Amino acid sequence: MYSPTDHEFMRRALALAQRALNHATPNPRVGCVLVREGRILGEGFTQPPGSNHAEIEALLDARRNGHDTHGATAYVSLEPCAHFGRTPPCGTALIEARVARVIAAVEDPNPQVAGQGLEMLRNADIDVRCGLLQSEATEMNIGFFTRMNRGRPWVRMKIAASLDGKTALENGVSQWITSEAARTDGHAWRARSCAVLTGIGTVQLDNPQLNVRLVQTHRQPLKVLVDSRLDVDPDARLFDGHPTLVACARRDEAKELRLREKSAEVIELPNPEGKVDLPALMRELARRGINELHVEAGFKLNGSLVRAGLVDELLVYLAPLLIGEAQGMVHLPALSDLAHAQRLRFHEVTQVGEDVRVLARWGGG
């Protein structure tokens with residue numbers, strides 16, 4: 001159904017989508033290549049929210065290069081949209097450009113699109129195909145697909161640990177277990193995320209900034225703090241410079257006022273135990289357009305998230321050292337039978353500097 005040339009140009013579209021990795025949110029990352037007779041006429045990728053989608057960028061690029069797109073093939077890493085959002089439908093733009101064929105990698109899971117873009121193109125007598133490099137295209141927008149299909153973000157939990165699985169000394173000291181290369185790589189994962197989440201214990205112990213500093217970025221992720229009793233110090237470095245969402249279980253007007261002065265928003269999401277309702281928090285983050293959530297927390301909150309079934313992926317940096325009796329990665333109850341252990345699969349294992357980066361996932365993700 002698809003030729004080697006089709007594969008080549010769709011891989012190019014996916015490479016273009018990669019350029020939108022850090023700035024597309026809450027939109028999906030999309031790349032588009034316009035081709036006629038084996039020659040690229042124009043190409044583009046998703047711009048920041050409110051700006052052009054990939055298809056529009058590719059059409060503009062073709063026109064700047066003096067190319068007529070009549071009869072061209074559009075390779076798009078996600079189904080062209082068919083609805084008016086912040087921008088007009090891309091499907092309409094492709095029809096008006098008189099392309100002859102559209103090959104999409106995967107259907108858009110957004111209910112406002114969900115096959116309607118492809119149908120619009122077919123109704124305009126355009127040859128439409130879908131499914132080329134589908135798994136790669138889905139992986140590119142794994143958070144967007146998760147938000148649309150499951151009503152919550154894709155949750156990635158980042159942990160830096162020793163080979164014996166310790167994240168801090170017994171006294172809480174954790175800086176620095178991993179190398180500078182691993183820390184820089186961790187900031188790249190922060191940069192691609194829509195939000196970074198931590199807990200009050202980490203803020204009180206480490207006073208982190210939780211922003212992106214070690215790699216270049218034009219957008220800082222939203223910071224999210226889980227703090228059931230609003231114990232956080234308003235002068236904590238977490239509140240320096242960028243908006244923060246604080247999830248609590250019980251409001252305190254006086255503390256809220258001070259936090260609002262620090263550009264923080266407080267939301268109350270209690271569960272029956274008087275803690276923050278973590279599943280409700282995930283639904284709220286999805287409602288706010290958060291596709292990928294990057295967790296950097298302590299072993300207690302890590303354990304709560306894992307026990308609630310809210311973590312999709314572990315991003316673990318393992319340093320070549322042994323620490324001994326100290327804090328672990330995730331606080332989980334003791335088991336009497338290995339059959340009850342939570343099983344993951346290695347998605348990717350890569351050496352980063354002197355450390356090893358492991359991506360491990362639950363289920364089929």
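Quantities reported herein were computed from a predicted structural model and do not represent experimental measurements.
- Once rounded to the nearest 0.5 Å, the distance linking OH of Y75 with CD of E8 reads 9.0 Å.
- When all heavy atoms of A24 and P49 are compared, the pair lying nearest together is O-CG, 3.8 Å.
- In this structure a side-chain-to-backbone donor-acceptor pair under 3.5 Å is present from K223 to Q209.
- D277 contributes no side-chain N or O that, together with a main-chain N or O of L269, makes up a donor-acceptor pair within less than 3.5 Å.
- Under the 4.0 Å criterion applied to side-chain N and carboxylate O atoms, R156 and E292 are assigned as salt-bridge partners.
- Judged by distance alone, the side chain of H340 and the main-chain N or O of S336 form no donor-acceptor pair under 3.5 Å.
- Note: L310 CG to M157 CE = 9.0 Å, rounded to the nearest 0.5 Å.
- Distance check, rounded to the nearest 0.5 Å: CZ of R152 to CG of N291 gives 12.5 Å.
- Side-chain contact annotation: D355 with S179, donor-acceptor N/O pair under 3.5 Å present.
- Residues F144 and N110 form a side-chain contact, since some pair of their non-hydrogen atoms from C-beta on lies under 4.5 Å apart.
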Quick one: do I323 and D164 satisfy side-chain contact (heavy atoms from CB on, under 4.5 Å)? Show the steps, please. CA-CA 7 Å; I323 290 179; D164 52 350; 4.2 Å; yes
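- Two residues are said to be in side-chain contact when any heavy atoms from C-beta on lie closer than 4.5 Å; H53 and C81 meet this criterion.
- The minimum heavy-atom distance between V276 and A247, with the atom names listed, is CG2-O, 3.3 Å.
- Atom CD of E348 is surrounded by more than 12 heavy atoms from other residues, nucleotides or ligands within 6.0 Å.
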Evaluate the criterion side-chain contact (heavy atoms from CB on, under 4.5 Å) for residue pair L301 and T198; output intermediate values, then yes/no. CA-CA 8 Å; L301 180 53; T198 194; 5.8 Å; no
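- The cationic group of R183 lies under 6.0 Å from the six-membered ring centre of W176 and within 45° of the ring axis, placing it in a cation-pi geometry.
- Contact annotation: the side chain of V155 approaches that of M282 to within less than 4.5 Å [non-hydrogen atoms, C-beta and beyond].
- Closest approach of I56 to C90, counting heavy atoms only: CG1-SG, 4.2 Å.
- Taken from CD1 in I40 to NE2 in H67, the straight-line distance is 10.0 Å, to the nearest 0.5 Å.
- Judged by distance alone, the side chain of E79 and the main-chain N or O of V106 form no donor-acceptor pair under 3.5 Å.
- Nearest heavy-atom pair across P80 and L118 is CD-CD2, 4.3 Å.
- Panel note: side chain R36, backbone D68; a donor-acceptor pair is recorded below 3.5 Å.
- Side-chain N or O atoms of N271 include one that pairs as donor or acceptor with a backbone N or O of E273 at under 3.5 Å.
- No donor-acceptor pair closer than 3.5 Å links the side chain of S77 to the backbone N or O of V30.
- Counting only heavy atoms from C-beta outward, the side chains of L344 and L314 approach each other to under 4.5 Å.
- Here CZ of R357 is found 7.0 Å from CG of L315. Values are rounded to the nearest 0.5 Å.
- A pairwise comparison of heavy atoms in T167 and G328 identifies OG1-O, 3.1 Å as the closest pair.
- The neighbour count for E253 CD, taken as heavy atoms of other residues, nucleotides or ligands under 6.0 Å away, does not exceed 12.
- The local environment of CG in L335 is crowded, with over 12 non-hydrogen atoms from other residues, nucleotides or ligands closer than 6.0 Å.
- The side-chain heavy atoms of Y2 and R129, taken from C-beta on, include a pair separated by under 4.5 Å.
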Evaluate R251 against E256 for salt bridge (Lys or Arg N to Asp or Glu O under 4.0 Å), listing each step before the verdict. CA-CA 7 Å; R251 305 192 90 114; E256 256 188 82; 2.8 Å; yes
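- Atom CZ of R39 sits in a sparse spot, with 12 or fewer heavy atoms from other residues, nucleotides or ligands closer than 6.0 Å.
- Residue R307 comes nearest to H331 through the heavy atom pair NH1-O, 2.6 Å, listed as atom of the first residue, atom of the second, then distance.
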Worked verdict on D240 versus R237 for salt bridge (Lys or Arg N to Asp or Glu O under 4.0 Å): CA-CA 5 Å; D240 291 350; R237 294 203 302 167; 5.6 Å; no
Please report the C-alpha distance between L197 and V226 in whole Å, then the side-chain angles of each, then the deciding distance to 0.1 Å, and finally whether the side-chain contact (heavy atoms from CB on, under 4.5 Å) criterion is met. CA-CA 8 Å; L197 179 144; V226 176; 4.0 Å; yes
Verdict with reasoning, K255 to D227, per salt bridge (Lys or Arg N to Asp or Glu O under 4.0 Å): CA-CA 12 Å; K255 289 182 178 179; D227 181 7; over 6 Å; no
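- No donor-acceptor pair under 3.5 Å is formed between the side chain of R101 and the backbone N or O of A72.
- In the model, N141 has no side-chain atom that pairs as donor or acceptor with a side-chain atom of R29 under 3.5 Å.
- Between H294 and E296, the side chains place a donor N or O and an acceptor N or O closer than 3.5 Å (distance only, hydrogens not considered).
- The pair E284-R287 meets the salt-bridge criterion, since a charged nitrogen lies less than 4.0 angstrom from a carboxylate oxygen.
- When side chains are defined from C-beta on, S304 counts as touching L278, because their heavy atoms get closer than 4.5 Å.
- For the atom pair CD1 of I103 and SG of C32, the computed distance is 11.5 Å after rounding to the nearest 0.5 Å.
- L293 is connected to L222 through a chain of hydrophobic side-chain contacts under 4.5 Å among Ile, Leu, Val, Met, Phe, Trp and Tyr, so both are in one cluster.
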For the pair I95 and I126, evaluate side-chain contact (heavy atoms from CB on, under 4.5 Å) and give the outcome as yes or no after the intermediate values. CA-CA 8 Å; I95 292 168; I126 293 173; 3.9 Å; yes
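- D185 places no side-chain N or O within donor-acceptor distance of the main-chain N or O of A181, the cut-off being under 3.5 Å.
- In the model, R63 has no side-chain atom that pairs as donor or acceptor with a side-chain atom of N65 under 3.5 Å.
- Checking Q220, H242, R190 one by one against V196, the side chain to side chain contact (heavy atoms under 4.5 Å, CB included) holds for a single residue, R190.
- Within a 6.0 Å radius of CD in Q351, more than 12 heavy atoms belonging to other residues, nucleotides or ligands are found.
- The backbone N or O of A195 lies less than 3.5 Å from no partner atom in the side chain of S193, so there is not a single donor-acceptor pair.
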Hey, mind stepping through E268 and R250 against salt bridge (Lys or Arg N to Asp or Glu O under 4.0 Å) and telling me if it holds? CA-CA 6 Å; E268 186 179 26; R250 187 178 58 203; over 6 Å; no
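- The hydrophobic clustering, which links ILVMFWY residues whose side-chain heavy atoms are closer than 4.5 Å, places L210 and V212 apart.
- Within the 4.5 Å cutoff, no side-chain heavy atoms of R122 are placed close to those of V102.
- Residues P153 and C194 have side chains not in contact (no heavy-atom distance under 4.5 Å, counting atoms from C-beta outward).
- With no hydrogens or angles considered, no side-chain donor-acceptor pair links N52 and Q47 at under 3.5 Å.
- In terms of hydrophobic clustering, with Ile, Leu, Val, Met, Phe, Trp and Tyr side chains grouped at heavy-atom distances under 4.5 Å, V295 and I267 are assigned to a common cluster.
- Contact check on R229 versus D252 returns no salt bridge, with no Lys/Arg side-chain nitrogen under 4.0 Å from an Asp/Glu carboxylate oxygen.
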